[in-house]
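I have placed the structure first, in the form of structure tokens, so that the comments after it can refer back to it.
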Amino acid sequence: MDIGTTNMKAGLFREDGFVVAQAERPNKKVPGPAGTVAYDPERMWETAAALIREVAAAAGHPSIRAIGVTSMAESGLLIDPSDGRARSPVMPWFETCSIPQAELVKREIDAKEHFFQTGLHVSHKFGLPKLLWLIEQFPEAFDGQSVWLSASAYITYRLTGRMAEDETLAARTFVYRIDRREWDMPFIRHFGFKPELFPRVIAAGSAVGRIKSGIAAEMGFSGNAVVCLAGHDHVAASLACSAGGDEVYNSMGTAETLVGAFAERGLDVADFESGMSFGRHAFPGRMFWMGGHASSGGSVEWLRDMVGDGSLSYVSIMELLSSTTSDPTGILYFPYLSGSGTPRTNQAARAAFIGLTAKHGKGDLIKAVLEGNAYQVEMMRRSAERICGCPIERMRVVGGGAKNGVWLQIKADVSGIDLTVPNTGEATLLGAALSAGVGAGVYGSFREAANSVKSPVGKRYIPDPDRHYRYGRLYEQGFLALMGPLTGYYESSF
């Protein structure tokens, strides 16, 4: 299962990675407290259960050995362990209500020292700022023994009746030390919380428990399945599409991410200055670096609503793109609808179009959005190269955005490197299944799980040298040159 920002998905896989059945439904947002946006916990569970039933029925009600659950990283809720009742809505990672609380946290820490301990830079996305906001809104929810669970930990709790958190998601609370692999108890108490607020932490691919008696039959399958936390969605996907953790992959969804792995070591100043976040990988002895951009597919959705008044289909978008030439538009789009991400994180940044003329039409605007997001990813790639100390000459690309061939060709032309879309279907779902397979003993290790996937080579996108040169000038002399003045203007004016 994949509990995503926009959609929830379920898939059933054989041991060789072949997908037997798959289903998808919207993960509907609801109005939250004090004007926020949230998810309703019961609706989230009902959608998850419906998806499992749908997949089981499509597969002929099979026997299932393991269930792996992955999710969007920082989203979470408070649960009363005495009765399982939700004491808050599921607060999403993108909700900006906790920006003031993040600023408070920032003033209370040595940013560099805390980064060395957690692999993270302060952000409103993380669990700690969200909890500081929630305690102002629902002080009664912190009476007794409430527990903070990620979205995937909540679903596994509903399946098993047991509470646990995966290490890659525990780290996204900002109160978990990856250097010691434990909750930072003094730091938790410093902000007035009880250590019992956070559940036990288990390594990726570890079993939380077995599915509760009666639920399997209700869901439409047989077998006493082991239920596992598959952790951070982007880390889960890397199990399926990063060649055993040795290749960089790019996930294109509502948000966009680059993920790569390296040998386990302590973090240093260069890592801190890269703007990347870091954590422990599922592969033993490995760590991951991650760069994020919050408004990638979100920019496309936003423009789709703007130019089409909510009725522009994806087929129409592709038709508009096909009406443009293969040359760069010359328009600079800065994709910062919710601030800028890695490597120049800035919550004050705003989106902008620069270079529009009367000759530009809807297709040009859509293509400019794709180009602007490609420039942002190129910035992340170059920052990652400095961490790795070696060039990144190819990437694997997954996610909903990877279905747009025009976008992928633009990204190849901007970066000058080969891009491959693995022929593995939904990489995040497959990664969650592989992680569960490790937890259930289907595979002896994560390496064995990754190597068990048999799939033909996916589609490649090769950069055009002339377009790469032209995009390079736009990136260097336009996008990078203007980014500083634009973000500086908003920082000083608002």
Side-chain angles (χ1 to χ4, degrees), residues 73-82 87-88 91 93 97-150 153-154 157 162-204 206 229 231-232 235 264-269 271-273 275-281 287-290 345:
E74 298 86 6
S75 304
L77 76 162
L78 291 166
I79 291 291
D80 186 334
S82 66
R87 304 199 71 182
S88 77
M91 298 301 298
W93 60 269
C97 62
S98 51
I99 287 177
Q101 288 74 20
E103 290 299 316
L104 169 65
V105 172
K106 188 175 183 179
R107 292 193 297 269
E108 294 287 313
I109 64 171
D110 179 321
K112 190 178 296 183
E113 185 64 29
H114 200 76
F115 171 83
F116 295 153
Q117 297 170 356
T118 66
L120 302 175
H121 305 270
V122 178
S123 171
H124 69 275
K125 296 186 298 183
F126 299 135
L128 177 58
K130 290 290 192 297
L131 285 163
L132 290 170
W133 184 85
L134 281 168
I135 202 169
E136 295 177 6
Q137 302 294 322
F138 303 102
E140 69 280 1
F142 293 82
D143 297 338
Q145 299 295 318
S146 291
V147 177
W148 176 257
L149 297 179
S150 67
Y154 172 64
Y157 168 68
R162 296 186 178 184
M163 291 187 181
E165 192 60 89
D166 166 88
E167 188 171 32
T168 60
L169 292 175
R172 308 304 283 192
T173 61
F174 209 61
V175 296
Y176 182 82
R177 293 188 59 157
I178 64 170
D179 59 339
R180 295 181 179 176
R181 307 190 81 164
E182 62 184 27
W183 294 114
D184 191 337
M185 297 303 185
F187 193 62
I188 290 169
R189 291 191 181 97
H190 174 79
F191 286 97
F193 296 117
K194 299 177 182 178
E196 295 79 15
L197 182 62
F198 300 97
R200 65 188 173 102
V201 177
I202 59 177
S206 299
L229 280 165
H232 194 308
V235 181
E264 185 177 342
R265 61 169 173 79
L267 300 178
D268 57 27
V269 174
D271 298 324
F272 174 75
E273 293 176 347
M276 300 283 181
S277 61
F278 296 79
R280 291 185 175 273
H281 207 289
M287 297 179 71
F288 66 84
W289 57 260
M290 182 183 302
T345 303

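The basis for the numbers below is simple: all heavy atoms, side chains too, and nothing from hydrogens, waters or symmetry mates.
- Contacts of F138 classified as ring-ring contact (aromatic ring centres under 6.0 Å, His included), with partners at least two apart in sequence or in another chain: none.
- Evaluation of the side chain to side chain donor-acceptor pair (under 3.5 Å) rule for D184 yields no partner, not counting sequence neighbours.
- Contacts of K106 classified as side chain to side chain contact (heavy atoms under 4.5 Å, CB included), with partners at least two apart in sequence or in another chain: E103, V122.
- Sorted by first and then second residue, the side-chain hydrogen bond (donor to acceptor under 3.5 Å, both in side chains) pairs involving residues 185-198 (not counting sequence neighbours) are E108-H190.
- With sequence neighbours left out, the side chain to side chain donor-acceptor pair (under 3.5 Å) criterion links Y157 to no other residue.
- Listed by chain and number, the residues in a side chain to side chain contact (heavy atoms under 4.5 Å, CB included) with D179 are Q117, R177 (sequence neighbours excluded).
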Name the atoms and distances for all side-chain donor-acceptor pairs under 3.5 Å in residues 124-134, with sequence neighbours left out.
from : atom 1 : to   : atom 2 : distance (Å)
H124 : ND1    : Q347 : NE2    : 3.2
K130 : NZ     : E95  : O      : 3.0
K130 : NZ     : S98  : OG     : 3.1
K130 : NZ     : H124 : O      : 2.7

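- Residues forming a salt bridge (Lys or Arg N to Asp or Glu O under 4.0 Å) with E165 (at least two apart in sequence, or on another chain): none.
- Scanning for side chain to side chain donor-acceptor pair (under 3.5 Å) contacts around T168 gives D166, with sequence neighbours left out.
- By the ring-ring contact (aromatic ring centres under 6.0 Å, His included) test, F142 pairs with F193, sequence neighbours left out.
- Residues passing the ring-ring contact (aromatic ring centres under 6.0 Å, His included) test with F288, sequence neighbours excluded: none.
- With sequence neighbours excluded, no residue forms a side chain to side chain donor-acceptor pair (under 3.5 Å) with E182.
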